[in-house]
Amino acid sequence: MMPSQQPMDRARALRALADETFDLLVIGGGITGAGVAREASLRGFNVALVEQADFASGTSSRSTKLVHGGLRYLKQFDFKLVAEAVRERQLLLSMAPHLVEPTPFLFPVYRGDPDSLLALRAGLTVYDLFARWQAAVPHRMLNGPEVLRREPDLGRVALLGGAVYTDSRTDDGRLTLAVIQSAHNAGATVANYVAAEAFLYASGGRAVGAHLTDALSGDQFDVRASRVLCAAGPWADDLRRMDEPGVHRVLRLTKGVHLTVPKERVQLKHSVVMRSHDDERRMMFAIPHGSYTYLGTTDTDYLGPPQAMVVRPSDVAYILAATNATFPDAHLSEADVASSWVGLRPLVRPRQRTSPSRVSRDYQLFRSESGVVSIGGGKLTAFRAMAEHIVDQLMPGSRSAAARCASLAALPGADAPQPSVEEWNQLARATGVAPVQLREWWHVRLASG
Ligand SMILES: Cc1cc2nc3c(=O)[nH]c(=O)nc-3n(C[C@H](O)[C@H](O)[C@H](O)COP(=O)(O)OP(=O)(O)OC[C@H]3O[C@@H](n4cnc5c(N)ncnc54)[C@H](O)[C@@H]3O)c2cc1C
């Protein structure tokens, strides 16, 4: 049975933060912190989660919005990462059918591309195997004319063929909110616009909480907890340095930009894999979404403070070049760009020198002398599995069959009855709003409770 949905009451949460002693304090209200708060609460722990701005305002609302295995990581032999992500994709389709939907992808292959048709076939077979052949539609290889029948605006010159396969799309910010709501329903105390400004230490030097500032009122107070976890995404090193001044940075931040253009400018029936127009020929995507197509992403090193990142003209030029090369008649220019977003990948710095897009997306935990645990890396898709592993580390022996079952239960909003196609059409006729737009609004309402 789904736990009842409790409205979040920020004033009450602030009082609880100041008055109670928690088993676990989670700093950061992105998907990682939300997942850990949910998992630990479902295991019966008293959990507090604080977020300095709005929930999901960091990387977790700025991704490519795919719930996917990450086909390209197969090439880096990151089989464990891909297998776990594909498994989690399949689970999320049943846990959050209102937020995660299967989507057809088209992967065209041209002469000179880094991956041959044979390599693509092998990769997609492994991908389907990891999903135990339960992907909504297993992959299918296509010849050139079949590719063009499906997406006539793709470039024809040197086209060898391609494949269609299924992955999933989500609304990353809404997914994060649903996980936070689920954590709250399971008993977690959650508050946004509350920043951790310093750690509190017991006389032996162990971290026992944090000094907080309410960004809305300016009030300052302390929260006490037996364990402290920083799920601060791109800010993780800043918090580690707050705990241990001068400690080496463990993150390599890379910037990812997306652009949206009106769907009439890049008309698609599938999400399409594109290649960057430079020597690296990185995988990029063109993804249809309501009235827009979004395009991305870039992957470049970023050295400034996370809150200062911006979209630069070079980012826009890079994405438009890849799109115009993929769809030669589109002739997109800056004037077509309706909006953009930019996020930072909080990747764990690798030992060897390598390009940003080759850095592993796997996550790692870092424990300081005072016992503060920080997370680097991770994927939106694998948040639930990551949370299970992290809570196992923080609270050894706490995993039970009942908690495992609860962790796989549907997220808030999933049990609402879905209108039939005829009902959508009736509503569309009555309101004059396109069914696809109505469905988007419906999903927003379900996710926000
Ligand atoms: C361009 C791009 C595309 C991506 N695409 C995908 C994709 O398609 N699929 C996928 O699975 N993954 C994708 N990812 C990866 C995924 O988005 C991230 O791994 C994930 O969102 C990271 O979540 P997080 O909770 O660790 O970090 P964040 O979402 O950044 O959350 C950290 C939070 O900590 C808060 N915080 C920081 N300091 C403090 C403090 N002192 N006090 C309180 N709060 C604090 C911040 O405000 C922030 O909200 C993508 C990432 C990028 C950048």
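For ligands, and for the atoms within them, numbers begin at 1 and follow the listed sequence.
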In terms of atom number and element, which parts of ligand 1 are under 4.0 angstrom from non-hydrogen atoms of Arg62? 1 (C), 2 (C)

Note: ligand 1 atoms sitting under 4.0 Å from heavy atoms of Gly256 are 1 (C)

Where Ala37 and Ser41 come nearest, the two heavy atoms and their spacing: O-OG, 2.7 Å

Should the pair Arg121-Asp115 be classified as a salt bridge under the 4.0 Å nitrogen-to-oxygen rule? no

Which protein non-hydrogen atom lies closest to atom 16 (C) of ligand 1, naming both residue and atom, and how far is it? Leu380 N, 3.7 Å

If you measure every N/O of Thr381 against every N/O of ligand 1, is any gap under 3.5 Å? yes

Quick one: look up the protein heavy atom nearest atom 14 (N) of ligand 1 and list residue, atom name and how far away it is. Ser63 CB, 3.9 Å

In a check of side chain to side chain contact (heavy atoms under 4.5 Å, CB included) between Val266 and each of Leu332, Asp336, Val272, which one passes? Leu332

Can a salt bridge be assigned to the pair Lys80 and Asp362 using a cut-off of 4.0 Å between side-chain N and carboxylate O? yes

Contact region, Lys65 to ligand 1, non-hydrogen atoms below 4.0 Å, reads backbone

Ligand 1 to Gly58, heavy atom cutoff 4.0 Å, flagged ligand atoms 29 (O), 30 (O), 49 (O)

Between Arg281 and Ser276, is the side chain to side chain donor-acceptor pair (under 3.5 Å) condition met? List the steps. CA-CA 5 Å; Arg281 313 271 294 139; Ser276 64; over 6 Å; no

Is any N or O atom of Ala53, backbone or side chain, closer than 3.5 Å to an N or O atom of ligand 1? no

Contact region, Ala231 to ligand 1, non-hydrogen atoms below 4.0 Å, reads backbone

Can you confirm whether more than 12 heavy atoms, excluding those of Arg10, are under 6.0 Å from its CZ atom? yes

In the protein, which heavy atom is nearest to atom 21 (O) of ligand 1, and how far is it? Ser60 OG, 3.0 Å

Under-4.0 Å heavy-atom contact with ligand 1, by part of Leu239 that carries it: side chain

How are the rings of Trp341 and His258 set to each other: parallel, tilted or perpendicular (split at 30° and 60°)? parallel

Ring center gap for Phe105 and Phe285 short of 6.0 angstrom: yes

At a 4.0 Å threshold, what atoms of ligand 1 neighbour a non-hydrogen atom of Leu344? 53 (C)

Looking only at protein heavy atoms, what sits closest to atom 49 (O) of ligand 1 is Glu51 OE1, 2.7 Å

Applying the side chain to side chain contact (heavy atoms under 4.5 Å, CB included) criterion to Leu295, which one of Val316, Val257, Thr323, Thr260 satisfies it? Thr323

Which residue holds the protein heavy atom closest to atom 19 (O) of ligand 1, what is that atom called, and what is the gap in Å? Gly378 O, 3.0 Å

For the atom pair CD (Gln393) and CG (Leu229), what is the distance rounded to the nearest 0.5 Å? 11.0 Å

Contacting atoms of ligand 1, where contact means under 4.0 angstrom from a heavy atom of Pro234: 30 (O)

Could you list the atoms of ligand 1 found under 4.0 angstrom from a heavy atom of Gly343? 53 (C)

Under 4.0 Å from a heavy atom of Thr297: give me the atoms of ligand 1 that qualify, with their elements. 1 (C)

Closest protein heavy atom to atom 44 (N) of ligand 1, given as residue, atom name and distance to 0.1 Å: Gln52 N, 3.0 Å

Measure from atom 28 (P) of ligand 1 to every heavy atom in Ile27, Leu253, Thr59, Ile31 and give the option owning the shortest one. Thr59

If we set the cut-off at 4.0 Å for heavy atoms, which region of Val194 has an atom near ligand 1: side chain, backbone, both, or neither? backbone

When you measure from atom 8 (O) of ligand 1 to every protein heavy atom, which one gives the shortest distance, and what is it? Leu66 N, 3.1 Å

Say whether Val257, considering both its backbone and side-chain N or O atoms, lies within less than 3.5 Å of an N or O atom on ligand 1. no

Quick one: are Leu212 and Gln220 in side-chain contact, heavy atoms under 4.5 Å? no

Among the heavy atoms of Asp299, does any lie under 4.0 Å from an atom of ligand 1? no

If you have a sec, work out which protein heavy atom is nearest atom 26 (O) of ligand 1 and how many Å separate them, to one decimal? Thr32 OG1, 2.8 Å

Can you find an N or O of Pro346 that's nearer than 3.5 Å to an N or O of ligand 1? no

Measure from NZ or CZ of Arg240 to the centre of the six-membered ring of Phe366 and say whether it is under 6.0 Å with the direction within 45° of the ring axis. yes

Can you confirm, on distance only, whether ligand 1 has an N/O atom lying under 3.5 Å from any N/O atom belonging to Thr64? yes

Would you name the heavy atoms of Pro102 and Leu93 that are closest together and state the gap between them? CD-CD2, 3.7 Å

Take atom CZ of Arg12 as the centre, draw a 6.0 Å sphere, and report whether it contains more than 12 heavy atoms from other residues, nucleotides or ligands. no

Just one of Arg89, Lys379, His389 clears the side chain to side chain donor-acceptor pair (under 3.5 Å) bar with Glu84, so which one? His389

